[in-house]
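Take a look at the structure below.
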Amino acid sequence: MNGIAHNHWKPVPFLRLGIPLIAGIGAAHFLPSLPIANKLLLIAVILWISTEFISVSRSKNLGVYRGILLHFIVMLAGYGRTFPFLQPINTPLSGKPPQQLALVLEQPFQQTTKGYKTIAGKIFIASNGKFTRLPGKILVYADSSVHQQGVTTGSVLLTRTKLMSLSQAMNPGAFDAAAYYHKKQIIYRCYLTGRSTRLAHNNRGTFISKIVEQLQQKCLKIFERFIKGKEERAIAAALLIGYKLELPNELINAYRNTGIIHIIAISGMHMALLFGLLQKIVTPLRKRKWLRHLLPPLLLLAAWLFALLTGASPSIVRAALTSTLLVLGEWWRRENNTLNFVAATAVILLLYDPNYFTDAGFQLSFAAVTGIILYSKPIAASWHSSNRLIQSVIELLAVTLAAQILTFPLLLFHFHRFPLLFLFTNLIAVPLSTGILYAEILLLILQPFPALAAITGTAIEYSIHWMNQWAIHTAQIPGTMIKGIYLSLHQTLLLLSAFFILARSFINGNRNLFLAGIMCLFLVAGIGSIRQLAVERQHLLIVYHIPKKTAIHLVEANRQYLMTHGRGEGSEWTEQLRNTAEWYWGGREKEQLQHTLINYPLIQSKNKLILLIDGGSYSRTSLLPQRADWVILIRNPQGSL
C-alpha cells in the first residue's frame, strides 16, 4: 500500500509520531526556555508506563489517554532535544594570540578560489605541555603548501595559529555562515600556512574512511583515463560519486536554471536508480532458500557503501536509511507502507539531529518523496495510454509533476526562483542521466579491458557533452526562470497547505476540500498584497559591509540603484546584491530612481541630502555643501571633517 488508507492514520504510525515531534522542534525555535521541560518529560513517561498496569476494562478511553500522553512525550522530547542546539556558542579563544593546536581532519582538503578548506572534527590545544580537547569542530583554511604535504582524512596537523569566530551575516538577506556552521557544531575558523604547520600523523583515518577514499581516487583515475573532456569528466564524477570540485560555475548555473541540478547533486534519485538495478540483479537469486537471508544484508551493504563513497551527504544518507527500512521490512515480512517508512526515516534523523528540520535539503527531499508517493500514480492514471512508449513518458512526467507539488513552495521560500521548463528539461535529462549513470558503472566493471572501456568512455563523454550543451543553450532562452520571488514563512505554510488540499480534492473529487484550498491561496495573495503596499511606500538607503569593496543601494518603491567600487566591480558579487534586493525589498526595476537625484558625491532625495566623501577621488571643498543630513565615508578618506 503506497497511499494513505481510508482510516488515514493506522497504517502510518511514524507519521503520527512525526507530527508532535515537529511541533516540539518548532516550539524550541519560537518559544522561550521551559526549565521544567525535562521534569515534565520524566513525569509523562512514568505516567505512560504506569498505564500499562491499568486494566482496560476499568476505562473505556484508556487507549485514547495513552495515545495523547505518548504524543505529549514525543513533543517534549523534540523540544528537549532541540533547545540545546539553539543556545549561543561560547568562543573564549576567538581573537586571542596564536595557540598551539593539534587538528584531526575529518575530510580531505577541497580547493576554493583563495586556497583550500576542510573541517577538523577534533581540536586539541596545548597547555602546560599537555593537549586538551576543545568542544566542537573547526573550519580550516590553508594555503597550497599545507595541501602539498599529502594531507587526507584522519591526518593530524600540528600548527600554531589564531582561532577566530565564524563570520555572521552583516548584510540584509545575506547567507549567515555562523548560523549554518553552528548547526554542524563548527564554532571556530583558522588559517594555516606551511611555515607554521606540519603533518604529525597521516594514518589516523578509520578503516572504512580509508577504503572509501581509495575507491573515490580509483574512480577518478578511471574517469581521467577513459573520459578525455574536462567538463564531461567533472559531470561524470559528480553524477556517480558526488565529486564536485572541478565543476565549472557556468555548468552549475545552467543546470540550476533549467531545473535539473538534482541530477548532479547526489540524492535519493541516484540511490533509487542503483538500488533498483541491484534489486533486478538479485531477483533470480531469491528463489534459492539459502540465499534468501543473505541477500538483504548484501543489499544494505551496497547501499551504505554507495552512501559513503559519495561523501555521505545528508540527502544520500536519508535515501540509504529509507532503503534500509524498506529492505528490513521486506526481510521481516512486514507490511511495506512506503509513506510510513519515509516518516520513520524523518523521525530517526530528526531525533539524531533536530537541525535537519530547518535544512533546505531535508525539507525538499522529503517533500519530493511524499509528493511522488501520494500523487504520481493518480496523475499517471488520469493520462493513461495503451502505447508503452507514451505511457513511459506519461509516468516520467507524472513523477516529475508530483515531486513539484509539495516542493514548489519550499523552492520559492529558500531560493526565490523557479525554472518554468522543469517538466520539459527533466523529461530529457532524467532518462539521459540514468543511462549515463548505468554506463559509468559499466565503465568501472570493464576497466580491466581497455578496448571495451575506451568505447564505453567515449559514449559517456559524447552523451555528457550533448547534455551539457543542451542545458547551457536551454538556460539562455529568455523567460525560462522566474526570479525575485519573496515568500514569508506564513505564506509558505499556507501555500503548502493549499497545494496539498487541492491535490487531494482533485483525487477524491471533494468540493469542500477544493474550496478550502482556494481559501488558502486567497490568504497567500492577501499577505502578498500587504507586503506590496509596504514596498510601494519604501525609500531605503543600504550601505553594505563588504571587505575591500564599497556598495551602496538606493531602493525607491520597486526601483533599485546600486553604487559600487572595489575588486571585480560589475562582476558576480554586484549581480548578487541586485538579485538580493530584487526579492528582499521588491526592487524589481533596475532603473534610474524617480524621486532621488544622484550627482556624485551628492545624493538628494525629497527630504534628505547625503554626502559621499571618497578617499579614492578628490572633490574640491568649495563645491561641497555646508550641511548634509548624512555623511558616508568611502575608502578611508584623509583629513578633518
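Just so we're clear, the structure is a prediction, and the values are computed from it rather than from any experiment.
Atom CD1 in Ile25 sits 7.5 Å away from atom CG in Leu351 (nearest 0.5 Å). With rounding to the nearest 0.5 Å, the separation of NE2 in His414 from OG1 in Thr492 is 7.5 Å. The distance from the OH atom of Tyr180 to the CG atom of Asp176 is 12.5 Å, given to the nearest 0.5 Å. With rounding to the nearest 0.5 angstrom, the OG atom of Ser382 is 9.5 Å from the CD1 atom of Ile507. Note that the CD1 atom of Ile252 and the CD1 atom of Ile235 stand 8.0 Å from one another [nearest 0.5 Å]. The structure places CD1 of Ile119 at 6.5 Å from OH of Tyr181, a figure rounded to the nearest 0.5 Å.
Atom CZ of Phe175 sits in a crowded spot, with more than 12 heavy atoms from other residues, nucleotides or ligands closer than 6.0 Å. Within 6.0 Å of atom CZ in Arg388, 12 or fewer heavy atoms from other residues, nucleotides or ligands are found, so the atom counts as exposed in its surroundings. Shown here is Tyr462, whose OH atom has no more than 12 heavy atoms of other residues, nucleotides or ligands within 6.0 Å. Applying the 6.0 Å contact sphere to CZ of Phe83 captures more than 12 heavy atoms from other residues, nucleotides or ligands.
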Intermediate values then yes/no, side chain to side chain contact (heavy atoms under 4.5 Å, CB included), Val104 and Phe124: CA-CA 9 Å; Val104 183; Phe124 298 89; 4.1 Å; yes
Criterion side chain to side chain contact (heavy atoms under 4.5 Å, CB included) on Phe413 and Leu495, from CA distance to verdict: CA-CA 10 Å; Phe413 177 73; Leu495 198 58; over 6 Å; no
Derivation of the side chain to side chain contact (heavy atoms under 4.5 Å, CB included) call for Thr400 and Leu427: CA-CA 8 Å; Thr400 304; Leu427 183 62; over 6 Å; no
Derivation and outcome, side chain to side chain contact (heavy atoms under 4.5 Å, CB included), residues Ile187 and Ile138: CA-CA 6 Å; Ile187 59 177; Ile138 185 170; over 6 Å; no
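Under the side chain to side chain donor-acceptor pair (under 3.5 Å) criterion, Thr324 pairs with Trp304, sequence neighbours left out. In terms of the salt bridge (charged side-chain N to carboxylate O under 4.0 Å, His left out) criterion, Glu250 has no residue partners (sequence neighbours excluded). Scored by the ring-ring contact (aromatic ring centres under 6.0 Å, His included) test, Phe408 finds Phe418, Phe499 as partners (sequence neighbours excluded). Scanning for side chain to side chain donor-acceptor pair (under 3.5 Å) contacts around His465 gives Glu232, with sequence neighbours left out. For Ile379, the side-chain contact (heavy atoms from CB on, under 4.5 Å) test picks out Tyr375, Trp383, Ala398, Leu401, Ala402, Ile405, with sequence neighbours left out.
Contact record, Leu411 with Gln404: CD1-OE1, 3.8 Å, taken as the closest heavy-atom pair. For the residue pair Ala320 and Ala303, the shortest heavy atom distance occurs at CB-O, 4.4 Å. The two residues Thr425 and Phe422 have their closest heavy-atom pair at OG1-O, 3.2 Å. Scanning both residues, Lys117 and Tyr141, for their nearest heavy atoms gives CB-CD2, 3.7 Å. The two atoms that bring Ile222 and Gln447 nearest to each other are CD1-CG, 3.6 Å, heavy atoms only. The two residues Ala380 and Gln391 make their nearest non-hydrogen contact at O-NE2, 4.4 Å.
Two residues are said to be in side-chain contact when any heavy atoms from C-beta on lie closer than 4.5 Å; Ile263 and Thr434 fail this criterion. When side chains are defined from C-beta on, Val74 does not count as touching His71, because their heavy atoms never get closer than 4.5 Å. By the 4.5 Å heavy-atom criterion applied to side chains, Ile441 and Leu240 are counted as neighbours. Between Trp470 and Ile260, the closest side-chain pair of non-hydrogen atoms falls below 4.5 Å. A 4.5 Å side-chain heavy-atom check between Leu364 and Phe415 finds at least one atom pair inside the cut-off. Here the side chains of Phe366 and Thr345 are in contact, with some heavy-atom distance below 4.5 Å. A 4.5 Å side-chain heavy-atom check between Asn257 and Arg417 finds at least one atom pair inside the cut-off. With contacts defined as side-chain heavy-atom distances shorter than 4.5 Å, the pair Val146/Phe109 qualifies.
Remark: the backbone N or O of Gly229 is paired with a side-chain donor or acceptor of Glu461 at under 3.5 angstrom. Between the Thr82 side chain and the Tyr79 main chain, no donor and acceptor come within less than 3.5 Å of each other. Judged purely by atom type and a 3.5 angstrom limit, Arg189 has no side-chain atom pairing as donor or acceptor with the backbone of Leu139. Remark: the backbone N or O of Asp353 is not paired with any side-chain donor or acceptor of Arg81 at under 3.5 angstrom. His182 contributes no side-chain N or O that, together with a main-chain N or O of Leu86, makes up a donor-acceptor pair within less than 3.5 Å. Between the side chain of Asn355 and the backbone N or O of Lys183 there is at least one donor-acceptor pair closer than 3.5 Å. Between the Gln363 side chain and the Phe357 main chain, a donor and an acceptor come within less than 3.5 Å of each other.
With Leu446 as reference, Leu442 is the one residue of Leu442, Leu444, Leu443 to meet the side chain to side chain contact (heavy atoms under 4.5 Å, CB included) rule.
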Identify every side-chain donor-acceptor pair in residues 448-458 under 3.5 Å, counting partners at least two apart or on other chains, and give the distances.
| residue | atom | partner | partner atom | Å |
| --- | --- | --- | --- | --- |
| Thr456 | OG1 | Leu452 | O | 2.9 |
| Thr458 | OG1 | Ala454 | O | 2.8 |

